[in-house]
Every structure is written in structure tokens, then in C-alpha cells.
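Take a look at the structure below.
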2 protein chains.
Amino acid sequence: MKLEEEIKQEKFKSEHHKLMINLLFTSSWLHRLQLSVLRPYDLTPPQYNILRILRGAKGELLSLGEITNRMIDRSSNTSRLIDKLVIKKWVSRKTCSNDRRQSEIGITTEGLQVLGQLDGPIDSITEQFLFLSVKETKEVNQFLDQLRNQNLNQTI
Amino acid sequence: MKLEEEIKQEKFKSEHHKLMINLLFTSSWLHRLQLSVLRPYDLTPPQYNILRILRGAKGELLSLGEITNRMIDRSSNTSRLIDKLVIKKWVSRKTCSNDRRQSEIGITTEGLQVLGQLDGPIDSITEQFLFLSVKETKEVNQFLDQLRNQNLNQTI
DNA sequence: CTACATTAATTGTATATACATATATTTGCT
DNA sequence: AGCAAATATATGTATATACAATTAATGTAG
């Protein structure tokens, strides 16, 4: 369905305005898709994001701040998210000995196993994007990167 | 900054995978932009969305379900959001006399006033999109509409 | 070396979503 | 009419974000 039908709005003020709403709407849809894949594994999207970041670090331990910097949603409350992952034993956290304000966070073997099981299902979400050519995909990526670099966003 | 720099990830598995992350990341950025504009008016994005829907109805009263259908975020808990807007006196709600299960919800004069004050600031967010040509904007819109209509999403 | 600012992380509280369940009303079947 | 199914909304509880404030450790200026 076109966005107009989805949200029952006959027309938008401009094509640009529609694009803004479309981005938010589509991302909400994508978020629900993620949820449905992660739910059987007792993971939420931000928790999954953290596990992916830690796996990507290839054994290197990361501080909480470093994880936050790498997250898709910057406003995540990483501290409490890590708490929950530690309880599930998918993540380890200990105080950094050099700087005792920091913590050293890593993914456990169990955490890696859960991620492994999820790789397939998550890839199948990515496959939804394959109807776009690589060239088109690059163009949309470039557009999004540019969008975030207009004047106004300096203030955010 | 390119997404790679934003989330400190050197490279993505594919351009399509980057696009998926980019959509989520950019929408989160857009969300924070909205928050910063709405905050001085004591509104949140979903509450603002509801006011916009009611203004768009041009005086027609809408049921709670109808509002939900028109929202950007379908999983919003409209019932409790309306509660808060009623408390602020920006929205009115009464039981529908024909079908007492439904409610008839409308925007108040005060609600319209708040919206009026916000039109400028919100438009300035939309202006961030103007660096794209109308043709390109249409293409991205079409892409997003198509994306949501691949096989998998039937299940969601 | 002490006092003050800075930094890293945690915590408190309000708002919102996710999902299941409950309540009230209406519809439809016999 | 009587009763089950369907519909519209509300509520309970867990998770997460938003923003402010706090705590603990470190850095630094004098």
C-alpha cells in the first residue's frame, strides 16, 4: 500500500513532506518486523544491537560509552540494557582496572550462540531490500547520509 | 557524517544491509529532531501526531480506532495518549451515542492554537529535505512504499 | 597536595510501546 | 428473546527512551 492509503491521508502538502512521514512510518514498520524476529529469542532491538556491536569488536572489550556511540539509537540507556544482558549471561561486565570509572564489556560464548541462531532470520529481513538495485541502494544511502548533515542537525 | 562514521562501523556486509541500518538510524535522528521542536510545547511526537490527525479531519469527530489507523506509529497506545491530551484540554472525548463502545474524539480550540504555533517549527524540519529534487524525492517515496510491500510483511 | 572541574556510569521519574487480558457493547444466529 | 461471537476500548505489566540529577573516579591548576 502507498503511504497515503496506510495512514488514510489523501494527499501530502508536498512530496518532501510525504518523505518525512514515510521515513518515520517505514522505520516503525521495520522495527515491528525486527521485534517479531527477535521475540522468540527474548531479545529486543536495542539489546540485539548491543550484542552485534560486541561481536563486531571481535573479542575486544568495550566501555559503556563506546557501545553507546556505536548504537543505532543513540538515546538508548545503555547502562540498563547491559544490566539485562548480564542477567541473561550473554554479556560480561567488569570494572576497568586502568580507569575504575569505566567498565569493560564483552559478549559471552552463550551470547555468541544466540546471535548465531539469529543470523538467518535477521538476514531474511535484509533480503526485503533486494528488489532495489545496488546503484539505487547507494543513492538512497547517500540521500540519508546527506539528510542528516543539513544545517539544522548541528543543533541536535 | 556517513553512517559508517556515525556508528563506527568500517563497512557493511552489503549496500542493502547498510540501507536497513541507515533507515533506522536516520529515523531515530529525525525523531530526536521532532522531540526538540515539540518539547517546549509539552507535546510528544505521538501526541502531536494525534492532534494533526484531528485537525486534518476538519471538525469531524473520529473514533479511537480510526485515529490509530491513521497514526504514523501503529503500535501507539492511543487510549492512554488521548487521556493525556484530554487532561491538557487539547482534545475532547465523549461516548458515541449510536454505538456506546466507541468514543467521539475531536480537537479543541486550544488544541488548534497549539498546533498553529507549531506549524512553523515543524515546517523547518521538512525543509531539511529540500536538497533533494522533487523527482528524487518521489523515487525514494516509491522505494519506501515498495519496501513495505514485499512478501514478508504480510505476516506483520 | 588539595580543591575544583571533568568524565563515566548509574539512578530516578515521566512518557511511550508491546503484548496479553479484561470489560462493555453490539451483532448475528437460532 | 437469549446467547455466543465480534468489536471498541481500557488496563496491567514489562521493556525502552528522555531528561535531569547523582555518584564515583580521574585530571588539573595553583
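Order of the sequence lines sets the chain letters (A, B, ...), proteins ahead of strands, with each chain counted from 1. Note that this is a predicted model, so its numbers are computed, not measured.
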Distance check needed: [N] [atom2] versus [X] [atom1], whole Å only.
X	N	atom1	atom2	answer
B/Leu38	D/dT17	CG	P	19 Å
A/Lys94	C/dA9	NZ	C1'	16 Å
A/Leu61	C/dA8	CG	P	17 Å
A/Gln34	C/dT17	CD	P	17 Å
A/Asn98	C/dA8	CG	C1'	14 Å
A/Leu62	C/dA8	CG	P	14 Å
B/Ile82	D/dA8	CD1	C1'	14 Å
B/Glu66	D/dT7	CD	C1'	15 Å

OP1 or OP2 of [N] versus the side-chain N and O atoms of [X]: is any pair under 4.0 Å?
X	N	result
A/Arg101	D/dT26	no
A/Ser79	C/dT10	yes
B/Arg100	C/dT27	no
B/His31	D/dA18	yes

Can [X] and [Y] be counted as having a side-chain donor-acceptor contact under 3.5 angstrom?
X	Y	answer
B/Thr68	B/Thr78	yes
A/Ser63	A/Glu66	no
B/Ser28	B/Arg32	yes
B/Lys88	B/Gln47	yes
A/Ser79	A/Asn77	no

How long is the straight-line distance from CG of B/Leu61 back to OG of B/Ser103, given to the nearest 0.5 Å?
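Answer for the OG-CG pair, B/Ser103 versus B/Leu61, is 10.0 Å.
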Is the closest basic N to carboxylate O distance between B/Asp145 and A/Lys18 below 4.0 Å?
yes
Want to settle it: does B/Ser75 or A/Gln102 sit nearer the 5' end of DNA chain C, counting the closest nucleotide to each?
A/Gln102
Please figure out whether A/Asp83 or A/Asp99 has its closest DNA chain C nucleotide nearer the 5' end.
A/Asp99
Under 4.0 Å, counting only non-hydrogen atoms across every strand here, what does B/Ser103 touch: a base, just sugar-phosphate, or nothing?
sugar-phosphate
Heavy atoms under 4.0 Å, any strand shown: does A/Arg74 hit a base, just sugar-phosphate, or nothing?
nothing
Sorted by position of nearest nucleotide on DNA chain D, 5' first, the leading residue of B/Arg39 and A/Cys96 is B/Arg39
Of B/Thr78 and B/Leu35, whose nearest nucleotide on DNA chain D comes first from the 5' end?
B/Thr78
Taking the ring of A/Phe143 and the ring of B/Phe131, is the distance between their centroids below 6.0 Å?
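Yes - the distance between ring centres of B/Phe131 and A/Phe143 falls below the 6.0 Å cut-off.
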Could you run down the sub-3.5 Å N/O contacts of the protein with nucleotides 14-16 of chain C?
from: C/dA16; atom 1: OP1; to: B/Thr44; atom 2: OG1; distance (Å): 2.2
from: C/dA16; atom 1: OP1; to: B/Gln47; atom 2: NE2; distance (Å): 2.7
from: C/dA16; atom 1: OP2; to: B/Gln47; atom 2: NE2; distance (Å): 3.1
from: C/dA16; atom 1: OP2; to: B/Lys84; atom 2: NZ; distance (Å): 3.2

